[in-house]
> 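Quick one: this structure, given as structure tokens, is what I'll be asking you about.
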There are 2 protein chains.
Amino acid sequence: MLFRTKGYDAVSMDEVSKTAEVGTGTLYRHFPTKEALYDAVLEAWAERVNSAVERALTLDASARDQLLAWLTAYSAMLTEHKGAAARITAALGDPGSPFAAKCQTYLGANQRIIEALSPALRPDVDAMQISRLVGGVAAVADNSEIPADAVQAMLGVVADGLVASEKDSLPVRA
Amino acid sequence: MLFRTKGYDAVSMDEVSKTAEVGTGTLYRHFPTKEALYDAVLEAWAERVNSAVERALTLDASARDQLLAWLTAYSAMLTEHKGAAARITAALGDPGSPFAAKCQTYLGANQRIIEALSPALRPDVDAMQISRLVGGVAAVADNSEIPADAVQAMLGVVADGLVASEKDSLPVRA
DNA sequence: TTGCAAAACGGAGACAGTCTCCGTATAGTT
DNA sequence: AACTATACGGAGACTGTCTCCGTTTTGCAA
């Protein structure tokens with residue numbers, strides 16, 4: 001679709017309606033706002049989230065690497081549509097957002113990860129925190145055209161931070 | 001100023017020109033774009049960056065806690081004006097941006113931190129990476145109205161991730 | 001002081017978005 | 001076939017950034 005290649009901001013509703021060969025009025029009857037339309041566009045691939053979780057968890061690797069695999073997949077999905085990462089991440093706490101359903105999916109996925117890897121993770125992580133952390137990374141990756149390995153490195157830092165227990169790092173004096 | 005309280009997007013140039021009691025034309029002669037105006041507004045407090053670095057480094061604490069102190073201060077500065085974090089972080093790699101000068105300041109500050117704490121940090125960190133990581137955290141904090149302690153927890157994760165060496169975490173099998 | 005050139009000003013309006021409103025066409029029912 | 005209800009389309013209302021140009025002010029020399 002248009003949004004995929006050009007990004008949310010660069011596509012006008014006029015353009016969409018022309019491409020779809022309908023009037024703008026018709027478009028707005030189906031989707032009350034531009035964001036609602038975008039939400040519908042994002043619907044399909046959001047469903048792949050849960051399978052990505054399973055795939056990461058069945059990996060024969062350390063907890064840290066399973067986590068990293070998930071974070072990478074998650075971030076890749078968020079980055080797939082330009083502008084999506086920031087929008088979805090911003091909507092995480094807002095039940096009124098058009099993206100609320102997607103946020104629930106994502107939070108649930110991270111919850112599943114936490115439960116599966118729990119003993120290896122620091123005790124105070126929660127799904128919201130992980131969602132925000134990788135949402136943040138994905139958002140900057142999205143609008144700065146960062147090379148893939150730089151994104152990977154950032155996610156590595158986050159993964160390490162999430163497995164590191166606080167007790168380990170605190171008493172190490174400089 | 002207006003931007004500080006209402007945020008970049010919520011302030012129109014008409015509003016600025018009215019408040020300043022000048023015509024929009026006059027406004028645009030002084031500042032060629034809205035972003036350039038915003039850059040000028042941000043000028044003053046960007047200068048506080050370097051002193052924040054020094055303050056963090058003179059703290060009598062572990063490398064991790066010095067790092068965290070700096071990340072906290074840095075993030076707080078980015079969040080001080082609504083909308084600034086995302087903008088500045090997005091401009092990090094773009095020398096043509098109006099914010100390029102500020103990005104240099106920030107990158108330099110992170111470079112200083114890296115040099116000071118280097119033995120305690122993972123070997124592959126660079127200033128750009130830190131800037132992006134905390135820029136990402138600050139950006140989501142900025143447009144999700146996150147409580148301060150949640151932001152602090154996320155920065156803690158990042159700080160731990162930055163001090164954790166890769167060798168430690170990789171061989172730990174689940 | 002007066003005259004004049006140059007610079008600064010102000011705001012109307014060009015342009016580009018999102019979204020609404022309403023006249024028209026289409027489909028469904030008896 | 002007539003009538004009603006529903007869907008359509010696009011003009012235009014509204015709001016934003018930024019430009020253009022006629023007017024005012026300023027600075028300087030005679």
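A note on names: the letters A, B, ... follow the listed sequences, proteins ahead of strands, and every chain is numbered from 1. Quick caveat, the model's predicted, so the values are computed rather than measured.
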> At a heavy-atom distance below 4.0 Å, which nucleotide of DNA chain D is the first touched by chain A, and which is the last?
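Listing 5' to 3', DNA chain D meets chain A from D:dA7 to D:dA11.
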> On DNA chain C, nearest-nucleotide positions of A:G25 versus A:D14: which is more 5'?
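Looking at DNA chain C, the more 5' nearest nucleotide goes with A:D14.
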> To the nearest angstrom, how far is A:Y38 atom OH from C:dT18 atom P?
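About 13 Å, once rounded to whole Å.
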> Within the structure shown, what part of the strands sits under 4.0 Å from B:V16 by heavy-atom distance: base, sugar-phosphate, or nothing?
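Contact class for B:V16: none.
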> With clusters built from Ile, Leu, Val, Met, Phe, Trp and Tyr whose side-chain heavy atoms come within less than 4.5 Å, directly or transitively, what are the remaining members of the cluster of A:L59, listed by chain and number?
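Listed partners: none, A:L59 stands alone.
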> Which pair of heavy atoms, one from A:Y28 and one from A:T33, lies closest together, and at what distance?
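Reported closest heavy-atom pair: CE2-CA, 4.3 Å.
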> How do A:G23 and B:T26 order along DNA chain D: which one's closest nucleotide is nearer the 5' end?
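Counting from the 5' end, the first nearest nucleotide belongs to A:G23.
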> Where do A:G136 and A:T89 come nearest, in terms of heavy atoms and distance?
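Between these two residues, the closest heavy atoms are N-CG2, 4.4 Å.
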> Between A:E47 and A:K102, is there a salt bridge with N-O shorter than 4.0 Å?
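The answer is no: the pair does not qualify as a salt bridge.
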> Please examine the side chains of B:F3 and B:K82, heavy atoms only from C-beta on, and report whether any two atoms are closer than 4.5 Å.
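No, side chains not in contact.
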> Is NZ or CZ of A:R87 both nearer than 6.0 Å to the six-membered ring centre of A:Y8 and within 45° of the ring axis?
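Here A:R87 passes the 6.0 Å and 45° test against A:Y8.
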> Quick one: A:M13 CE to C:dA16 P, roughly how many Å, whole number?
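It is 19 Å, rounded to the nearest whole Å.
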> May I ask you to evaluate whether B:H30 reaches the phosphate of C:dA8, defined as a side-chain N or O under 4.0 Å from OP1 or OP2?
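For C:dA8, neither OP1 nor OP2 has a side-chain N or O of B:H30 closer than 4.0 Å.
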> For a quick check under 3.5 Å, do A:N110 and A:S131 share a side-chain donor-acceptor pair by atom type?
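Yes - a donor-acceptor pair under 3.5 Å links their side chains.
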> If every non-hydrogen atom of B:A141 is compared with every non-hydrogen atom of B:V151, which pair is closest and at what distance?
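Reported closest heavy-atom pair: CB-CG2, 3.7 Å.
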> Bend angle of the helix from C:dT1-D:dA30 to C:dT30-D:dA1 from five-pair axes at both ends, rounded to 10°?
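If I round to tens, the end axes sit 20° apart.
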